[in-house]
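Predicted model only: the values in this text are computed from it and were never measured.
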Amino acid sequence: MVNSKKKNMRSKEKIRRRILLPFILVVAVMMGVFSFAFYRHMVGMMTMKVDNALHEMSKLFESKLDSDAELLSGLVDLLKEDKQIQNFWLAKDRQGLLKYTEPLFKELRSKYRVTHFYFHGLDKICFLRVHNSSRHGDLIKRFTIDGASKAMRSFYGIELGPFGTFTLRLVHPWFINGKQVGYLELGEEIDHMIPQLKQVLGADLIFTIEKKYLKRQRWKEGLQMVNKTGKWDFLTDSVVAGSTFEDDSTEDALLSILQEGNAGQSRFQFKDMIYRGSVTPLIDAGKRNVGNFFVFIDATGDEKELFFMLFALAGLSLLVAFVVGGGFYVYLGRIESELAAARNDLETTNFELETKKSLLEKTNKELDHFTHTASHDLRAPLRAIVSFSTFLEEDCKDKMDAQGKEYISEITSGAKRMGQLIEDLLKLTRISRLQHPYENVDMNDLILSITERLKFDIESNKIDLKVAENIGIVHCDKIKISEVFLNFINNAIKFSVKDNQNNPRIEIGYDKQDKFHQFYVKDNGIGIEAKYHQQVFKIFETLHSRDDYDGTGIGLGIVKTIVEEHQGTAWVESELGKGATFYFTISTNLKNKEA
């Protein structure tokens, strides 16, 4: 009993382990997959945020350039119509033009951030720089003046100056009295746009210029003019032209990452700060990629929130797993207890069945012994009766009258019938108890072997026997199915010969159905009335006088038992005087059994 309890406990542990461990594993995998998907989604959202900022920056920058260019164009329209300016220009009076326009330039600079004011001749020679009057007479080689010359209309764009500054320049072909006399140019440096972009976008910006478009000395001079310092050697191929970072160390750290060739990265970490960034090229009026705009968003708060949510998600998942797992643990405990109780009941039932099986086997052995003994004890006096009746008939035939001889004949016949009855009863007992394994049986060979055993009766009675061809393989008990065919064919011979002496016929046929094999044995004998169709399969039931037909009435009972063991049915179709057809079926889904 103790061992049984220990075994049940071990079974409980195994059941819970087999169910709970996969459950925990599935929960862990699902939690990991969901967390990873959530993390990727949030990272994607942050990346999208940076991309949107970069896109908005580009749009905003272009929009700002367009609006400022439109303002410059309006100012140029006012200047070109000023009669005093026209007169000074036509008279080529540089000093007079400077004296008149210098106050205008100061007003434009204070109100509209105009930093450049030029007068150019048709030959693109600078006649006057109002913002730097000491320099003039040089040939202007810029994309904006070339564009205005070709298009013969206002042309604007950003251009890189010799000091490393970007200037929005607008050049307008100047006509007086319908005749082109030169070019007017206004410009503004775009440094003021960077803080505005930061304020609108909520992002930090750095823009760089490729060194191949600069001269180091002129670049340094330009920085000195605005009281700034620069780091020419800090980056390999470019220099910083503008930045919104107030902390130089942060700017340096981010630029160091760029210097290492990782500009394609979207995540940068410095000290306790995390930035996500992206880059877009800086295109000048000549469609040249002269530098890059870098956009950086402070993602520190977003990532902290992300990891907080991941930890919260993990905690919630663990809590759910704990609650559900605990529920499963209790529920499985109940099931295990029920299984243990059912197992104990089953073991008790199995023990009882084993006991009954042993008792049944013992009883069968005793029955075999009894049957053997009884048959031997019954056969011995029957043989004596037959023998002495024969001796009496032979020795005293001259002394007995006809009635005495009839009595002796009845005694002999009765003893023989009793002997046959004992044989049939023994056969019925064996058929009921013996078990043979199911096997694949070639039914053509089986039927041929039976007809060979009955060959003398078939040929001596001139029976026309027909057997269906290619019946095929059937899974069944070969020995018992042989007994079925033997009974049916014997009966067909017995009941066909007496009244059909000249033309007795027997046909053995087969029909494959969906779930069973169907066989039949057909004769043209005396037939059976419909009211006796069920009765013929009952043990000891005979429809004819034993004087007319031998038999004990057990044969078809044996057939019925065998067919039902094969999950089939046996029946007869017949009319009196028109022969009989005996059918039986065998299931196509028999499970193998051992002898």
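No donor-acceptor distance shorter than 3.5 angstrom exists from the side chain of E102 to the backbone of V130, with no hydrogens or angles considered. With E159 contributing its side chain and F143 its backbone, the two residues share a donor-acceptor pair below 3.5 Å. Without hydrogens or angle criteria, T144 side chain to G157 main chain gives no donor-acceptor distance under 3.5 Å. Judged by distance alone, with hydrogens and angles left aside, the side-chain atoms of R94 form no donor-acceptor pair with the main-chain N or O of L128 at under 3.5 Å. In terms of modelled atom types and a separation under 3.5 Å, the side chain of D511 and the main chain of Q518 share no donor-acceptor contact. With S110 contributing its side chain and E107 its backbone, the two residues share a donor-acceptor pair below 3.5 Å. S67 places a side-chain N or O within 3.5 Å of a backbone atom of S63 that can act as its donor or acceptor partner. Judged by distance alone, the side chain of T115 and the main-chain N or O of E189 form a donor-acceptor pair under 3.5 Å. Of the possible donor and acceptor atoms, one in the side chain of K211 sits under 3.5 Å from a partner among the backbone N and O of W232. Panel note: side chain T167, backbone R169; no donor-acceptor pair is recorded below 3.5 Å.
Residues D146 and K124 are paired through a salt bridge, judged by an N-O separation under 4.0 Å between the basic side chain and the carboxylate. Ion pairing of K287 with D284 is absent here, as no side-chain N (NZ or NE/NH1/NH2) approaches a carboxylate O to less than 4.0 Å. Salt-bridge formation is detected for the pair R218/E221: a Lys NZ or Arg NE/NH1/NH2 atom is positioned less than 4.0 Å from an Asp or Glu carboxylate oxygen.
Going from atom CD1 of I206 over to atom CG of N292 covers 11.5 Å, rounded to the nearest 0.5 Å.
Atom CD of Q513 has more than 12 neighbouring heavy atoms from other residues, nucleotides or ligands inside a 6.0 Å radius. The number of heavy atoms from other shown groups lying within 6.0 Å of CG (N440) is above 12. For E70, the CD atom is loosely surrounded, since the number of other residues' heavy atoms within 6.0 Å does not exceed 12. Atom OH of Y112 is surrounded by 12 or fewer heavy atoms from other residues, nucleotides or ligands within 6.0 Å.
In this structure, the side chains of L282 and F166 come closer than 4.5 Å at one or more pairs of heavy atoms. Side-chain contact between I85 and L104 is present, with at least one heavy-atom pair separated by less than 4.5 Å. Side chains of V171 and I140 form no contact here, defined as non-hydrogen atoms less than 4.5 Å apart. M152 is listed as a side-chain neighbour of Q180, based on a closest heavy-atom distance under 4.5 Å. Inter-residue side-chain proximity for T348 and E352 is flagged as met; some heavy-atom pair is nearer than 4.5 Å. Residues M193 and E188 have side chains in contact (heavy-atom distance under 4.5 Å, counting atoms from C-beta outward). Contact annotation: the side chain of F175 never approaches that of K80 to less than 4.5 Å [non-hydrogen atoms, C-beta and beyond]. In this structure, K512 and T588 have side chains that are in contact, with non-hydrogen atoms separated by less than 4.5 Å.
Between the side chains of Y156 and D66, at least one donor N or O sits under 3.5 Å from an acceptor N or O.
Ring orientation note: the planes of F519 and H517 are tilted relative to one another, at an angle of 30° to 60°. Taking the six-membered ring where the residue is Trp, F61 and F293 present perpendicular rings, their angle passing 60° and hence far from 30°.
The cationic atom of K92 (NZ for Lys, CZ for Arg) lies less than 6.0 Å from the six-membered ring centre of W89 and within 45° of the ring axis. Figure legend: cation-pi geometry between R142 and Y118, with NZ or CZ positioned under 6.0 Å from the six-membered ring centre and within 45° of its axis.
The side-chain hydrogen bond (donor to acceptor under 3.5 Å, both in side chains) test with E185 singles out one residue from H116, H172, H120, and that residue is H120.
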